[in-house]
Amino acid sequence: MHEVVRNRYTTYGETSYVDVVGIDVSKDNFHACLLQRSGGARKVFANSAKGYKQMLSWLKNRRCTKVHACMEATGAYWLGLATALHGAG
């Protein structure tokens with residue numbers, strides 16, 4: 001049994017906070033919207049290996065340690081980013 005309220009995640013009575021990033025993917029770029037306890041941020045990245053690395057650095061610089069990513073997957077354009085996110089842990 002679990003409950004998600006904004007960034008608070010409660011499982012079996014234990015509460016933790018996780019950052020959430022929503023991603024809209026297209027052929028040339030992707031838009032990321034990050035929600036954290038302290039607020040939020042938005043940024044656009046190139047849909048390429050360089051863009052994936054930039055997003056991972058952006059998340060690290062925003063002190064994201066635990067992130068739940070949700071993306072709108074268009075065609076096969078999401079695959080590279082999903083692979084990069086999964087590889088990063």
Side-chain angles (χ1 to χ4, degrees):
M1 182 119 204
H2 67 272
E3 168 192 17
V4 177
V5 178
R6 184 147 168 128
N7 302 29
R8 186 181 75 213
Y9 188 81
T10 304
T11 302
Y12 299 108
E14 293 186 25
T15 300
S16 64
Y17 290 88
V18 61
D19 297 327
V20 178
V21 62
I23 306 166
D24 184 23
V25 182
S26 68
K27 179 179 178 181
D28 296 323
N29 57 45
F30 60 93
H31 297 243
C33 179
L34 177 64
L35 297 176
Q36 296 178 286
R37 274 182 88 181
S38 59
R42 296 177 186 194
K43 192 158 177 140
V44 179
F45 301 92
N47 193 353
S48 64
K50 182 178 179 181
Y52 311 151
K53 289 179 186 176
Q54 288 174 336
M55 184 177 132
L56 292 171
S57 292
W58 178 65
L59 292 171
K60 184 177 178 180
N61 290 339
R62 297 201 53 89
R63 296 186 176 105
C64 294
T65 56
K66 196 175 195 182
V67 179
H68 177 90
C70 178
M71 69 175 70
E72 180 274 324
T74 303
Y77 302 131
W78 61 274
L79 191 55
L81 177 58
T83 301
L85 290 169
H86 184 265

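- Annotation: the span from Q36 atom CD to L59 atom CG amounts to 8.5 Å, rounded to 0.5 Å.
- Summarising the geometry of M55 relative to I23, their closest heavy-atom pair is CE-CD1, 3.7 Å, with the distance given to 0.1 Å.
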Item to check | Audit row: V21, V67, side chain to side chain contact (heavy atoms under 4.5 Å, CB included) steps and yes/no | outcome: CA-CA 7 Å; V21 62; V67 179; 3.6 Å; yes
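- The ring of W78 has its center no closer than 6.0 angstrom to the ring center of F30.
- C64 contributes atom SG, which lies 4.5 Å from atom CG of L34 (distance to the nearest 0.5 angstrom).
- When the side chains of ILVMFWY residues are joined at heavy-atom separations under 4.5 Å, either directly or via intervening members, V44 and L85 end up in two distinct hydrophobic clusters.
- With values rounded to the nearest 0.5 angstrom, D24 atom CG is found 11.5 Å from R42 atom CZ.
- Remark: Y77 engages no residue in a ring-ring contact (aromatic ring centres under 6.0 Å, His included) (not counting sequence neighbours).
- Here the CG-CE distance, from L81 to M71, works out to 4.0 Å after rounding to the nearest 0.5 Å.
- Here the side chains of T65 and D19 are not in contact, with every heavy-atom distance at 4.5 Å or above.
- No single ILVMFWY cluster, assembled from side-chain heavy atoms under 4.5 Å apart, contains both W58 and V18.
- Annotation: the span from H31 atom NE2 to S26 atom OG amounts to 6.0 Å, rounded to 0.5 Å.
- In this structure, F45 CZ and Y52 OH are separated by 12.5 Å, a value rounded to the nearest 0.5 Å.
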